[in-house]
There are 2 protein chains.
Amino acid sequence: MSQAEMDQAEVVKSDTRTDTKQRILDAAEKLFAREGFHNTSLRAITGEAGANLAAVNYHFGSKEALLDKVIARRLLPLNELRRTRLLRVREESRLENRRPRVEETLRAFIEPTMEFRDSEPGADDFMSLIGRALSEPDDTVRKIFITHIKSIFYLLFETLCDALPEICRETIFWRLQFSMGALSHILRTVGKFELSHFPEGVNPLPDTDAMMAMLVPYLVQGMEVR
Amino acid sequence: MSQAEMDQAEVVKSDTRTDTKQRILDAAEKLFAREGFHNTSLRAITGEAGANLAAVNYHFGSKEALLDKVIARRLLPLNELRRTRLLRVREESRLENRRPRVEETLRAFIEPTMEFRDSEPGADDFMSLIGRALSEPDDTVRKIFITHIKSIFYLLFETLCDALPEICRETIFWRLQFSMGALSHILRTVGKFELSHFPEGVNPLPDTDAMMAMLVPYLVQGMEVR
DNA sequence: CAAAGATTCAAACAAGTGTTTAAATCATTC
DNA sequence: GAATGATTTAAACACTTGTTTGAATCTTTG
């Protein structure tokens, strides 16, 4: 019985963990992020992980199932952080009998992303991966990502609607799309610019705090127009 | 002598135009935009164009050279429109002894994009293509795109710096990055959303004017923060 | 018409893809 | 220590990729 079949049958993982699965997940995360899903071969992944070519199909079932695990492994815990913070924003505003504030709402979504990025090793690669997920031409990556992001996105959207009752839902939706575009663009490009592309007097690599200090006011202003 | 060699030698194109080149360019634009560069095979392109497989290598030299032509064919005229409008903004502000306005500067860059999109058939596919160009993991597409967009981007950046002298260049640069992220996100996703992803009460398909009416104020507010 | 050159065509090329298989090895349990 | 099941391994599978080739066809020119 293969590992993939065991997982599908929801059998509890064996107590003696082989770390081959982990090494493959790490290698896949890194390569998917840097080269893209379709430009990364299973041979490249297993080579990087020091595993046999057949290991991916044995442990995960297929390349696509591997991608799902790569995304779910980090996105599910991250979304729990986001959900906790968004619910706290909603609860606090309710207790204080006021509306949620746009800034704290956006921060509740974005800050866990950035903290996550700096905390776990390899998470920066993961951020590039999900930063690109929405713009992947291929259905594979996009659909898997949307599956895992959908509910938290709706919670963010509804909280913003509560924060901005005078603005119609449609306008808020599209402004949120603009914001997601800006955020994902930064997530996938920061640290990837080539020096030659910077005008003089521009620091190529602001740290996370400096980036947040520029990004959040930009997004808040855009959301609150009028 | 192949067509590609003739082009390389800068020989004048034969007066008897085969439209095979055009059909290949159109098919490639469509497929690159919808499936991505690496997910599109030459067989798919030549099949769509009703041409022989070898036609791409004969007329363009390679798949990569074809991509360059696909991008250059539309981006060079588009950038000329943008340059003309940006230079007019600069000239008018100079004559009136004032600074350029952020809104007219951004419009000078964005409006030609949108008008272009609606004018020529196939241009909507092209917009998806360049909307994704910056986020392609692979160097191929990104480098070709950057080559053709660099100078107009600098002109836009410098004009914004003139418009916002009280804000440091670095901040303006990153806000412009946020704006480019928002713009490219919209360019590549509009019309591609799945209905099921829209919260209720949100119109899935605003037209170009409605989108501009939401996007421009959003970007202007973000650029002008503080 | 005939020569010349541009274009198309079918076929093959070498290389790379994800997946499967069956034997070999390892780990655990009785 | 033998048996059982999980894991690893090398090899092959069927398929797709971009590119090249040399002959066939079309177009233009002399």
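In the text below, chain A, chain B and the rest are named by the order of the sequence lines, each starting its count at 1.
Using a 4.0 Å heavy-atom criterion, one finds that B:A54 contacts the bases of the nucleic acid, with or without backbone contacts as well. Using a 4.0 Å heavy-atom criterion, one finds that B:T46 contacts no nucleic acid atom at all.
Side-chain N/O atoms of A:T20 include none lying less than 4.0 angstrom from OP1 or OP2 on D:dT7. Taking only side-chain nitrogens and oxygens, B:S62 never comes nearer than 4.0 Å to OP1 or OP2 of D:dG18. Remark: B:S41 is not in phosphate contact with D:dT16, judged by side-chain N or O atoms under 4.0 Å from OP1 or OP2. For the OP1/OP2 pair of C:dT8 and a distance below 4.0 Å, the side-chain nitrogens and oxygens of B:H59 include at least one atom meeting the criterion.
Rounded to whole angstrom, the span from the CG atom of B:N57 across to the C1' atom of C:dT8 amounts to 14 Å. Counting to the nearest Å, the P atom of C:dT8 and the CG atom of B:N52 are 9 Å from each other. Taking atom OH of residue A:Y58 and atom P of nucleotide D:dA10, one finds them 17 Å apart after rounding to whole Å. In this structure, B:L66 atom CG and D:dG18 atom P are separated by 11 Å, rounded to whole Å.
Looking at A:L75 and A:F126, their side chains come closer than 4.5 Å, going by heavy atoms from C-beta outward.
B:F198 and A:F173 have tilted rings, their planes meeting at an angle from 30° to 60° on a 0 to 90° scale.
Between the base of C:dG16 and the side chain of A:R43 there is no donor-acceptor pair shorter than 3.5 Å.
To the nearest 0.5 angstrom, B:M127 atom CE is 6.0 Å from B:T113 atom OG1.
Taking a cutoff of 4.0 Å between a charged side-chain nitrogen and a carboxylate oxygen, A:D26 and A:R73 qualify as a salt bridge.
Of the residues near DNA chain C, A:L53 and B:A55, the one whose nearest nucleotide (by heavy atom distance) lies more toward the 5' end is B:A55.
Which of D:dT19, C:dT19, D:dT8 sits closest to the side chain of B:L42 comes down to D:dT19.
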